[in-house]
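Input: a single structure, listed below in structure tokens.
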Amino acid sequence: SKRRRPINITNKDIPLFEHEFEKNIRNTHLFFLNGIILEDIFVKSLINPQKYLTYALNYSTVSIISLIKRILSFRRGLNTIEQGVWIIDDWSLGYFHWLTDALPRLLASKKENDFYPVILPEYFRQATYVAESLKLLNKQVVYYNPLIPLRVKNLLITSHTANTGNYNHTLINELRDKFISGGGGDRKVFISRLKAPKRKIINEQEVVDLVKLFNYQIHYFEDYTFSKQIEIMSQTKHLIGLHGAGLTNMLFMKKGGKVLELRNINDTHNNCYFSLASELSIDYYYQLNEGDNNDTHIVNIAVDLVELKKNIEKME
């Protein structure tokens with residue numbers, strides 16, 4: 001994967017991105033396993049471990065003693081289904097990871113077998129976008145109680161299509177094409193995190209006042225259904241947002257769109273949206289902002305309004 005550089009990159013900021021300019025994306029593998037027993041969200045109690053399984057699932061191994069205890073616990077009851085496909089890991093309930101890690105694994109599995117249902121723990125029901133996205137992809141789901149072991153006679157497992165924050169170009173674009181048809185438009189959208197529990201813009205009202213001068217709409221994606229988010233973003237040409245799950249919705253933008261990510265200063269690690277924009281043929285812009293924490297996942301930032309105005313004008 002050779003990434004397109006940020007449109008507004010400066011020489012002094014190259015170190016923030018240069019380790020992401022080119023990445024090797026490993027092949028995706030499919031594994032067919034028989035008589036597998038699942039217990040809780042982690043598939044750690046597999047009766048017949050197979051080569052590459054840890055690689056496929058991204059789970060740690062379990063000790064022999066722990067495995068024996070789990071096998072003995074199966075005496076309390078065992079449900080059985082004929083077949084299913086496994087596409088999740090311990091991060092998959094998050095919006096970004098569900099869309100960019102789990103669903104590409106589903107598309108890879110569909111190329112081999114399109115009629116196996118997806119197997120998910122029951123508490124995945126709490127994330128409405130899980131059921132909505134699978135319905136849009138015409139995929140059936142089997143939810144199971146993680147407290148009761150589930151035996152799957154024929155289990156298809158898809159390995160990760162790329163390390164998280166990286167993407168298989170073919171699959172991520174195929175995923176976009178399955179979610180949007182037609183669309184296109186000139187919407188300008190600013191993603192607000194005012195209702196988010198963390199990672200906020202300290203001077204958000206001033207930022208909102210500024211972006212409105214450039215005809216940006218203010219949206220709170222947590223208030224919308226998954227389908228509504230797709231509808232809005234498929235009509236969006238320009239997108240601005242703080243580093244966070246909302247930027248994942250660029251997945252529903254048409255090629256040729258423009259995204260401005262408000263980043264935590266000196267963060268060289270969290271480049272997942274830079275990489276995603278490149279794979280989707282979207283122009284990527286960035287702005288570095290002073291924050292109250294070095295950890296991008298919990299930082300609150302103060303946006304330089306003069307710099308923001310310049311970047312918006314560059315995107316026009």
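Keep in mind that the numbers below use all heavy atoms, side chains included, and drop hydrogens, waters and symmetry copies.
We find that Arg3 and Glu20 are joined by a salt bridge, their nearest charged nitrogen and carboxylate oxygen being less than 4.0 Å apart. Between Glu204 and Arg193, none of the side-chain N atoms (NZ, or NE/NH1/NH2) sits under 4.0 Å from a carboxylate O, so this pair counts as no salt bridge. We find that Lys153 and Glu82 are joined by a salt bridge, their nearest charged nitrogen and carboxylate oxygen being less than 4.0 Å apart. Looking at Lys228 and Asp223, no side-chain N of the basic residue comes within less than 4.0 Å of a carboxylate O on the acidic one, giving no salt bridge.
Looking only at distances, no side-chain donor or acceptor of Tyr129 sits under 3.5 Å from a matching main-chain atom of Leu99. When atom types are taken as modelled, the side chain of Arg187 and the backbone of His238 share no donor-acceptor pair closer than 3.5 angstrom. Asn8 places a side-chain N or O within donor-acceptor distance of the main-chain N or O of Tyr286, the cut-off being under 3.5 Å. Remark: the backbone N or O of Gly35 is not paired with any side-chain donor or acceptor of Arg151 at under 3.5 angstrom. The closest donor-acceptor contact from the side chain of Lys188 to the backbone of Phe214 lies under 3.5 Å. A distance-only check finds a donor-acceptor pair linking the side chain of Ser234 to the backbone of Glu231 [under 3.5 Å]. Panel note: side chain Asp267, backbone Asn270; a donor-acceptor pair is recorded below 3.5 Å. Side-chain N or O atoms of Asp114 include none that pairs as donor or acceptor with a backbone N or O of Lys111 at under 3.5 Å.
In this structure, the side chains of Asn249 and Phe221 come closer than 4.5 Å at one or more pairs of heavy atoms. A heavy-atom distance below 4.5 Å is found between the side chains of Asn154 and Tyr116. With contacts defined as side-chain heavy-atom distances shorter than 4.5 Å, the pair Asp209/Leu213 does not qualify.
More than 12 heavy atoms of other residues, nucleotides or ligands shown are found within 6.0 angstrom of CD on Glu307. Within 6.0 Å of CD in Gln140 there are 12 or fewer heavy atoms belonging to other residues, nucleotides or ligands.
The minimum heavy-atom distance linking Leu260 with Leu308 is given by the pair CD2-CD1, 3.7 Å. Closest approach of Gln229 to Tyr95, counting heavy atoms only: OE1-OH, 3.4 Å.
The aromatic rings of His97 and Trp91 sit tilted, their planes meeting at an angle between 30° and 60°.
Residue Tyr273 holds its OH atom at 16.0 Å from OG of Ser278, rounded to the nearest 0.5 Å.
Under a hydrophobic clustering in which Ile, Leu, Val, Met, Phe, Trp and Tyr are joined whenever their side-chain heavy atoms come within less than 4.5 Å, directly or via other members, Val303 and Tyr216 fall into the same cluster.
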